[in-house]
Amino acid sequence: MTTASILSSMSVTQIPTLSYPDIRYALLNRYEIAILDVREEAPFAEAHPLFAANLPWSKIETEVYNRIPNKDPFLVVYDDGEGLAVPAAKKLINLGYSNVYLLEGGLDGWRNAGGEIFRDVNSPSKAFGELVESKRHTPSLSAAEVQQLIDNKEDIVVMDVRRFDEYNTMSIPTGISVPGAELVLRARELAPNVTTKIIVNCAGRTRSIIGTQSLINAGIPNSVAALRNGTIGWTLAGQQLEQGQVRRFAEEINNTIASEALQFSRKVADLAGVKRTNLKLFNTLIAQADRTNYCFDVRSPEEYAAGHLPGFISAPGGQLVQETDHYAPVRGARVSLADDNGTRANMTASWLAQMGWDVYVIDDITKDDLTETGNSKTLLPPLPELDDSQLISAEELFLSLQEINDIVLIDLGTAKEYINGHIPGSWFVLRSQLDFRIKELPFAESYVLISPDGISASFALPELQEITQSKVLVLDGGTKAWTDKKFKLKSGETNIASPMIDRYRRPYEGTDNAVEAMQAYLDWEYGLVDQLDRDGTHGFFVI
């Protein structure tokens, strides 16, 4: 039993189920369907169906309206016996979703019915990348070969297609940060001589394969190759990575180069079957209430914040292709892409179309159309109405901790946030485990729920009230309110009441990964094409 289970009196038999054959039929016929794994990310990464999206119980209220903007697609909820699926389904129903089902038999039901089981995160995109390489024989060079080119001072440029923060953490010597969707737009300025060899790298395989093939598809005249196995391969070869680099492409771009890039990218998008629209027709499209519409701005986060189309979400193109399961959990939905140049939208759309998405590019967007500013807005259901007796300010909490011993602080933030800094004396607890972890904490007359901004804690308050006779309070404004008052935080792994399974430890991020984990990850990627064949629901094609 979990905290979630106490919120619903609805039994399993009262929620309809869909079986593996039902879901397979829906995927093959392009119905709008989301397969939602409501466990934490680490167990999700151990085993899940190909198109499953991780929407942890703890994050449903704070993520679902952005990730599933339409209330009518089929939502199939499952866990692996943790007791989260039924209450999660009930929660989705209470939030207004009209076609909520349980996966018959949960994850075991899928497995026992013959459904293929995938590992890791972003499995659809990674499997697609392997399929692209197998079909197009995307050229690559080993870490040793690229090191030799660098040592010999050959005419090469290394383009790192990951997010800038990943690049900044660790990068190939001489590498320049060029996130994936920027490649076709920026390559000619970064490699103006056709004799310059372009090396494309990521952390592992997928983004470098897609990036390399993007340049080839767009007809760039240079020789292009992926760094085989990315920074993982570089590390396994015993070669040194750089850290803290900030090399980036210039923001301004030559008009002639930009025009040529747009022309070439349009040809690639047309070949892939990308659909086209303009702002007037787009508004007609999204008015169709029977479709789920994902509206993404594929430019850099900085450009997005400076001005974007109203209602669009920031999703830099390279990451959108890499993380379709996160950005667009509803398989069969419509995807519309915005970009004031067009090249990035066309190249991103060309890949999404090959992955089976119904994708549009909005043409002829101008700077004047980008009237909304700031970061992506998080859509939330109404917060619980808490009165003054259920809230405690940062100042009140600070004074209470000096004067009263009979108070326990429960931090519901992520493990990473907690380790980086938490209110001294607080306990890390996963919201999905609140009901049984509370029994392991010191008994107190008062419990104070804390989250980074107070939102998740507010949603959790009635859950904790159901299972304790003690007073339950929410820190008004969360940890941010505490730090705004210049009160100190404590860092480190102290008072850990729940296992830190809310994030899967990726073997290609950071600088301290075990050799065995990196090699196992590569071995897994090599087998993905065979898994796609066995699964048979993907609908991928390669131009």
Side-chain angles (χ1 to χ4, degrees), residues 23-36 49-53 66-70 72-76 118 121-132 135 180-181 206-207 209-210 213-214 217 265-266 268-277 281-282 285-286 288 290-298 311-339 342-363 528 532 535-543:
I23 297 168
R24 180 181 175 83
Y25 180 85
L27 290 170
L28 291 173
N29 286 277
R30 304 281 180 100
Y31 292 173
E32 290 196 3
I33 184 169
I35 308 167
L36 302 177
L50 175 63
F51 287 114
N66 280 94
R67 296 179 66 189
I68 307 177
N70 186 285
D72 296 328
F74 294 108
L75 305 185
V76 186
F118 288 77
V121 292
N122 312 134
S123 299
S125 300
K126 292 173 180 177
F128 174 69
E130 295 299 319
L131 182 66
V132 170
K135 296 292 186 182
T206 309
R207 286 174 287 183
I209 293 169
I210 296 299
Q213 200 61 53
S214 290
N217 288 354
S265 68
R266 172 66 185 262
V268 178
D270 289 346
L271 183 62
V274 171
K275 300 174 183 178
R276 317 208 71 82
T277 187
L281 294 175
F282 166 74
L285 280 177
I286 62 171
Q288 298 171 359
D290 62 334
R291 292 296 305 275
T292 298
N293 290 286
Y294 288 110
C295 304
F296 298 124
D297 186 314
V298 297
F312 274 63
I313 293 172
S314 177
Q319 288 306 118
L320 176 56
V321 173
Q322 174 79 358
E323 301 178 35
T324 54
D325 56 322
H326 177 80
Y327 284 105
V330 180
R331 188 69 176 160
R334 179 192 291 135
V335 178
S336 298
L337 305 183
D339 168 16
T343 299
R344 293 166 289 193
N346 279 311
M347 292 308 301
T348 303
S350 74
W351 292 117
L352 294 179
Q354 292 173 72
M355 294 177 73
W357 290 96
D358 180 18
V359 59
Y360 288 74
V361 167
I362 305 173
D363 288 326
L528 282 171
L532 282 181
D535 179 78
T537 65
H538 56 83
F540 299 159
F541 68 94
V542 180
I543 59 175

Legend entry - Exam field: side chain N29 to backbone Y31, donor-acceptor pair closer than 3.5 Å: no
Inset, instruction - Check whether the side chains of S125 and W351 place a donor and an acceptor atom closer than 3.5 Å, and report yes or no. - result: no
Inset, instruction - Show your working on side-chain contact (heavy atoms from CB on, under 4.5 Å) between T292 and I68 and close with a plain yes or no. - result: CA-CA 8 Å; T292 298; I68 307 177; 5.8 Å; no
Legend entry - Minimum heavy-atom distance between S265 and G342, given as atom pair plus value: OG-O, 4.3 Å
Inset, instruction - Compare every heavy atom of S350 with every heavy atom of A272, then report the nearest pair and how far apart it is. - result: CB-O, 3.6 Å
Inset, instruction - Go through T324 and F128 one step at a time and tell me if the side-chain contact (heavy atoms from CB on, under 4.5 Å) criterion holds. - result: CA-CA 11 Å; T324 54; F128 174 69; over 6 Å; no
Legend entry - Flag, side chain of D339 to backbone of R344, donor-acceptor distance under 3.5 Å: yes
Legend entry - Test side chain to side chain donor-acceptor pair (under 3.5 Å) applied to D325 - qualifying residues, sequence neighbours left out: N122
Inset, instruction - Taking the side chain as every heavy atom from C-beta outward, state whether L50 and L532 have any atom pair closer than 4.5 Å. - result: yes
Inset, instruction - Please confirm whether R331 makes a cation-pi placement over W357, using NZ or CZ under 6.0 Å from the six-membered ring centre and within 45° of the ring normal. - result: yes
Legend entry - All side chain to side chain donor-acceptor pair (under 3.5 Å) counterparts of K275, not counting sequence neighbours: D358
Legend entry - Side-chain touch D72/D290, heavy atoms, less than 4.5 angstrom: no
Legend entry - Interatomic spacing from CD in Q354 to CG in L131 - rounded to 0.5 Å: 9.5 Å
Legend entry - Test item: D270 and R276 side chains (from C-beta on) under 4.5 Å apart, heavy atoms: yes
Inset, instruction - Check A353 against F541 and note the closest heavy-atom contact, atom names and distance. - result: O-CE2, 3.2 Å
Legend entry - Derivation and outcome, side-chain contact (heavy atoms from CB on, under 4.5 Å), residues E323 and V121: CA-CA 8 Å; E323 301 178 35; V121 292; over 6 Å; no
Inset, instruction - Measure across V361 and A349 and return the closest heavy-atom pair with its distance rounded to 0.1 Å. - result: CG2-CB, 3.6 Å
Legend entry - Single hit among F296, F282, Y294 for ring pair (Phe, Tyr, Trp, His ring centres under 6.0 Å) with F312: F282
Inset, instruction - Give a yes or no on whether the backbone of H326 and the side-chain of R67 come within a donor-acceptor separation of less than 3.5 Å. - result: yes
Legend entry - Beyond-backbone contact of T348 with V359, side-chain heavy atoms, under 4.5 angstrom: no
Legend entry - Point-to-point distance, once rounded to the nearest 0.5 Å, from CD1 of I33 to CZ of F51: 11.0 Å
Inset, instruction - Would you give the length of the straight line joining atom NZ of K126 to atom CZ of R207, rounded to the nearest 0.5 angstrom? - result: 8.0 Å
Inset, instruction - Kindly compute the distance separating CG (L271) from CD1 (I543), expressed to the nearest 0.5 Å. - result: 4.5 Å
Inset, instruction - Check the pair N70, V330 against side-chain contact (heavy atoms from CB on, under 4.5 Å), reporting the backbone distance first and the verdict last. - result: CA-CA 9 Å; N70 186 285; V330 180; over 6 Å; no
Legend entry - T277 vs L285 side-chain heavy atoms within contact, under 4.5 Å: yes
Inset, instruction - Name all residues meeting the side chain to side chain donor-acceptor pair (under 3.5 Å) criterion together with E130; count only those two or more places apart in sequence or in a different chain, and write none if there are none. - result: R205
Inset, instruction - For Q319 and Y327, work out which heavy atoms get closest and say how close. - result: O-CE1, 3.8 Å
Inset, instruction - Using a cut-off of 6.0 Å, state whether more than 12 heavy atoms not belonging to F540 lie near its atom CZ. - result: yes
Legend entry - Where A345 and A338 come nearest, the two heavy atoms and their spacing: CB-C, 4.5 Å
Legend entry - Inter-residue atom distance L528.CG - T206.OG1, 0.5 Å rounding: 8.0 Å
